[in-house]
Every structure is written in C-alpha cells, then in structure tokens.
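Every value quoted in this text rests on a predicted model; they were computed, and no experiment measured them. Atoms within a ligand are numbered from 1 in the order they appear, just like the ligands themselves. All residue numbers in this chain count up from 1 along the given sequence.
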Amino acid sequence: MADVSEECPPSVSRWTAPESSLLGAFDPVLFRRNSEAVAARLESHLADRSVRGLDLADPGVLAQAARALMTTERESIAAFDEKRLAAIVDLYVRTGIQVHSPGYMGRQFSGTVPLAGVIDFVGSVVSQPSSYYEAGQLPITAERIMAEELNRFIGWDPGRFAMVTTSGGSLANLTALLAARNRAYPDIWACGEHGGRGLPAIAVSEEVHYSVTRAAGVLGIGEKRIVRLPVDPDGRIAVHRVPAVLAAAERRGLEVFCLVASAGTTALGAFDPIDELAGIAAEGGIWLHVDGAHGASLLVSDVLRHKLRGIEKADSLTWDAHKLMFVPAPCTMLFYRDARDAPEAFGRGAASYVLDEEPDAHCALDSGDKNLECTKRPMIMPLWALWAVYGRALFAQKIEQLCQTAHEAHRILLDEPDFEVLHEPEANILCFRYRPEGIAAERVHRLQLRIRKQVRLAGRFFISKVDVQGTAALRVVFMNHQINAEHFRMLLAEIRSTGQRLLRGDLPA
Ligand SMILES: *Cc1c(COP(=O)(O)O)cnc(C)c1O
C-alpha cells in the first residue's frame with residue numbers, strides 16, 4: 001500500500017465532509033414533504049372565492065410578525081421547523097393583494113394560471129438562468145418556440161425577426177429605445193457623439209407609460225427632448241395632429257429618432273392607431289416602437305387582434321406576459337422586426353467570460369449580448385408550458401372574457417346617474433368617477449382619491465386610481481375571469497356608500 005500521506009497532501013486532507021445540519025437543508029425527502037405541505041395550503045388559498053381585496057398591514061406590525069418568525073440561532077444552522085415554514089407561507093399569502101379573489105380589480109398583474117406557478121417552482125429548484133444556452137437549454141429553446149408562435153400574430157418575416165426576454169416591460173422599453181438610438185446614431189455607443197443633424201429626441205403620447213420617459217432620461221435624452229403627442233378624448237394619439245407636432249420639433253432643432261405608440265395605455269387601456277403612426281414614422285425614417293406591455297396579448301384573440309392593426313409595420317414591440325398572459329412576474333418579451341437590431345442595443349460589448357472566442361452553433365442561441373441582464377430568470381417557462389399544455393385558446397378565451405366583462409361593466413355604469421363614465425373600454429380597463437349631482441368641481445379630484453383609499457382600507461375590493469385629464473379617477477382592471485356583474489354592482493354600492501359618507505363628513509379626512 002502506498003503511503004497515504006503521499007497521496008493526500010495536508011491541504012487536501014482538510015477537505016472535510018459537510019456538517020449534517022448543512023446536508024439536512026438540502027435533504028430531498030424533506031423537500032418533498034415541504035412542497036406537499038405548501039401545495040396543500042395554496043390549494044385552500046385558491047379554493048377561497050370570497051370577495052376580498054387587500055389586508056393592508058401596518059408596516060411596523062408586519063415587520064414584527066415577520067421578525068417573530070426568524071430563528072434566534074446565530075452560530076449554527078438551525079434545525080428545520082415545519083411550523084415556521086407554515087407560518088411564513090401563511091403570512092405571505094395573507095398579506096398579498098388577493099389576486100385570485102373577485103375582489104381584485106386593481107392592477108395589471110394577474111392571478112396566475114396555477115400550472116404556471118408549478119413550472120416556476122421547477123425553475124426555482126433546477127436553477128437554469130436563461131441568457132446562455134449552456135445554462136438554460138430548454139428555456140432558450142422555449143423562448144425560440146414562443147417567439148415563433150407569437151410572431152404568427154405579429155406577422156413579421158419568420159426568418160428575420162428576433163425576440164429577447166427581459167425582466168419587465170420597463171426594461172424592454174429601455175432596451176428598445178437603446179436599439180433605436182444606436183441604429184440612428186451608429187457612432188454613439190463607441191464615442192458618445194450622436195453626430196446627427198439635430199438633437200436626438202423621441203416622440204411619445206401624452207399617455208405614455210412613465211417607463212418610456214424614464215428610459216429617455218437614462219439615455220441622456222432629457223425631458224426637454226421628449227416630444228409629447230396630443231391624445232383624443234379616448235386617450236389615443238390624435239394622428240392628424242402628429243405631423244405638425246413633429247415639424248415643430250424639427251424647427252426647434254430636435255431630431256426624432258423614435259416614436260413610441262402604446263398598445264393599451266396604462267390609464268385607460270387605449271390603443272394608439274399603429275397603422276397610421278407607422279406611415280408617419282416610415283416617412284420620417286423614424287423607428288416605431290410599440291409599447292404593448294399591457295395590450296399586445298390581445299393579438300392572440302381572433303376577435304380583438306384588430307386593435308393592433310398595423311403592428312407588422314412596427315420596428316419593435318414590448319409584450320408583458322405577466323399581465324394578460326397570466327404567468328408569474330416578470331415575464332416580458334421584446335420583439336424586433338429585424339434581428340440585426342437586437343444586439344445593437346448594447347453595442348455588442350460583452351465580457352470574455354461569457355462571449356465565446358470560438359463561437360459554435362450553441363453560442364448563436366445565447367441572448368446575453370441582447371439583454372441588459374446577465375443572469376436572468378427562465379421566465380418563458382411558465383408561459384411556454386401553459387401554451388404547450390393548454391394551447392392558445394386558454395389565453396384567447398380568458399382575454400375575451402375580461403374585455404367582455406369591462407364592456408358589461410361599462411353598460412352597468414351608464415345606468416348609474418351618480419357615476420361619471422370617462423370612456424368606452426377598449427380592453428379590460430375601465431375608469432370612472434363617483435360624482436353625484438351638485439358636487440363642486442374642485443372637490444371631485446380629492447373625493448376619488450379618498451374613496452380609493454377608503455375602499456382599499458375596508459379590504460373587500462382592491463381598485464386603483466389614475467389621473468384622467470388632470471382629475472383623479474377610479475380605475476378598475478379586470479384580470480379575474482371569476483368576476484361577474486354582481487361583483488361589479490357590489491363594488492359600485494361600496495363606492496357610493498363610501499362617497500356619501502365622505503361627503504357627509506362621516507369618515508376621517
Ligand atoms: C405595465 C406597463 C409597463 C411597465 O411594464 P412592467 O412590466 O411593469 O415593467 C409599460 N408600459 C405599459 C403600457 C404598461 O401597461
């Protein structure tokens with residue numbers, strides 16, 4: 001026998017086995033037991049159809065409750081505590097907006113299709129981040145398949161378009177603006193000089209999402225170089241006024257390189273006339289970006305697709321699947337009509353440890369050079385799995401149901417004289433005001449804000465608020481197909497009684 005000391009130099013012999021408590025935290029049997037226990041709790045959560053909104057906790061009280069759940073062990077790994085886990089899950093579920101309840105009518109993120117959560121859970125366990133093929137083979141393959149599936153509804157050349165996933169629509173908008181800017185000013189990435197005729201500017205709707213104007217700030221475009229396009233009373237860009245606004249901008253020394261249209265504005269869910277705007281953009285050699293974070297999903301419905309007429313003429317499209325595709329957030333897809341534009345967003349600059357010096361067929365599938373993130377969640381997986389298992393109809397049916405619900409709610413509102421109807425809903429968003437006869441105009445704004453707060457506090461319904469033409473409005477976003485006319489009437493009754501009490505001064509200011 002060879003001398004052991006020769007085979008194992010002292011440095012290797014110190015390689016000790018992990019402590020049993022460390023091994024315990026990775027124990028597969030324990031994992032399964034915990035998963036089953038948590039799934040059972042979530043089952044009861046999903047089965048609870050009661051009308052409820054948000055139980056808004058006092059931050060101090062909640063922090064105390066959360067701290068009470070923490071182990072006091074500091075020096076060694078604490079023994080696993082089943083009760084602690086159950087309490088953490090319960091607190092998590094209880095303190096959230098109750099997105100699976102019909103009382104949830106307030107935001108654009110969804111109560112997810114439960115199967116999407118199951119796949120997300122797999123992703124969290126197998127940990128396959130998706131920017132590089134070697135790390136996320138199936139996620140990257142699924143991205144390609146979903147891109148092809150959804151591009152059938154966009155209508156771009158299948159051999160030329162590209163799609164990257166980003167952590168949210170805000171980042172997709174920033175990425176698209178970068179790509180547009182870099183195409184317009186090829187030297188800007190390397191030299192920082194735009195070298196254009198005028199100062200780089202973008203044109204956006206007055207109703208554009210703040211992530212777009214924020215992106216302009218990040219790009220150094222500056223607030224003064226954001227050209228605001230006026231909207232009609234329904235919140236869509238007033239196309240006939242656009243040429244004059246662009247001409248005026250040019251006279252001010254601005255060079256608009258990108259025009260942003262919204263497919264579903266955040267406030268009203270209004271769809272800008274993409275087809276007409278595409279004509280104007282093409283004439284001026286301007287990149288047309290469509291922010292479809294909310295409404296691009298309508299493309300999968302045969303009856304609603306027409307809202308995005310002309311989408312095939314856009315240069316890029318932001319599409320949030322965590323809104324109207326009912327998967328966990330974030331899951332955003334940024335589509336480019338021309339794949340060559342995608343890597344330009346980040347000037348093709350990346351580090352040696354991720355970019356292969358000897359590219360092979362696999363590297364071509366990497367998306368790391370096309371998105372800001374390095375490590376990125378395999379966010380496509382829940383979406384692809386739903387698409388694979390249930391098919392397109394699941395999405396089309398649910399979206400159509402939600403838009404129909406908004407339509408019906410609008411009709412109900414028209415019969416309520418003490419409510420002010422602000423628009424005819426184009427999608428699943430409906431804005432209105434509680435405005436009984438005789439109330440002074442200057443009180444309307446605050447009344448809506450206070451109603452919204454009070455309704456949230458009561459905890460039965462969760463709605464949002466938004467300014468419409470400078471005055472606050474109540475905003476309902478239908479994301480839950482369980483909501484029926486009765487629920488909406490209940491909400492109106494609650495708003496009315498809350499409003500009346502506020503007007504009488506029965507509630508604290
Ligand atoms: C929600 C939304 C965004 C922002 O998307 P996130 O995924 O929340 O970052 C951008 N634009 C529009 C029109 C939206 O509705």
Consider ligand 1: state whether an atom of it lies below 4.0 angstrom from any non-hydrogen atom of [X].
X: S211; value: yes
X: L171; value: no
X: P330; value: no

(request) Determine yes or no for a side-chain-to-main-chain donor-acceptor pair under 3.5 angstrom, with R225 supplying the side chain and A201 the backbone. (result)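 No.
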
(request) Taking K376 for its side chain and T165 for its backbone only, find out whether a donor-acceptor pair lies under 3.5 Å. (result)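 The answer is yes, because a donor-acceptor pair under 3.5 Å joins these two groups.
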
(request) Tell me which one of E207, R107, H209 gets a heavy atom nearest to atom 4 (C) of ligand 1. (result)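 The option holding the nearest heavy atom is H209.
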
(request) Would you give the length of the straight line joining atom CZ of F395 to atom CG of L150, rounded to the nearest 0.5 angstrom? (result)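 These two atoms lie 8.5 Å from each other.
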
(request) Give, for atom OG1 of T112 and atom CE of M479, the distance between the pair rounded to the nearest 0.5 Å. (result)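 Output value for this atom pair is 10.5 Å.
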
(request) Assign the ring pair W319 / F335 to parallel, tilted or perpendicular, where the plane angle (0 to 90°) is split at 30° and 60°. (result)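 Rings of W319 and F335: tilted, as their planes differ by 30° to 60°.
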
Starting from [atom], which protein heavy atom do you reach first, and at what distance in Å?
atom: atom 6 (P) of ligand 1; value: G169 N, 3.3 Å
atom: atom 12 (C) of ligand 1; value: D291 OD2, 3.4 Å
atom: atom 9 (O) of ligand 1; value: S170 OG, 2.7 Å
atom: atom 2 (C) of ligand 1; value: K323 NZ, 2.3 Å
atom: atom 5 (O) of ligand 1; value: D320 OD2, 3.2 Å

(message) Going by side-chain hydrogen bond (donor to acceptor under 3.5 Å, both in side chains), name the pairs with one or both residues in residues 231-246, residues two or more places apart or in two chains.
(response)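 side-chain hydrogen bond (donor to acceptor under 3.5 Å, both in side chains) check on residues 231-246 returns R236-E426.
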
(request) With heavy atoms under 4.0 Å as the rule, classify the contact between V212 and ligand 1 as side chain, backbone, both or neither. (result)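 For V212, no heavy atom sits under 4.0 Å from ligand 1.
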
(request) Mind checking whether A293 contacts ligand 1 via backbone (N, CA, C, O), side chain (CB onward), both or neither, at a 4.0 Å heavy-atom cut-off? (result)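 For A293, only side-chain atoms sit under 4.0 Å from ligand 1.
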
Please output the side-chain donor-acceptor pairs of residues 322-330 that fall under 3.5 Å, not counting sequence neighbours, one pair per line with the distance.
from: H322; atom 1: ND1; to: C331; atom 2: N; distance (Å): 2.9
from: H322; atom 1: NE2; to: D320; atom 2: OD2; distance (Å): 3.2
from: K323; atom 1: NZ; to: D320; atom 2: OD2; distance (Å): 3.3

(request) Test Q397 against Y390 for side-chain hydrogen bond (donor to acceptor under 3.5 Å, both in side chains), laying out the working first. (result) CA-CA 11 Å; Q397 241 179 57; Y390 295 117; over 6 Å; no

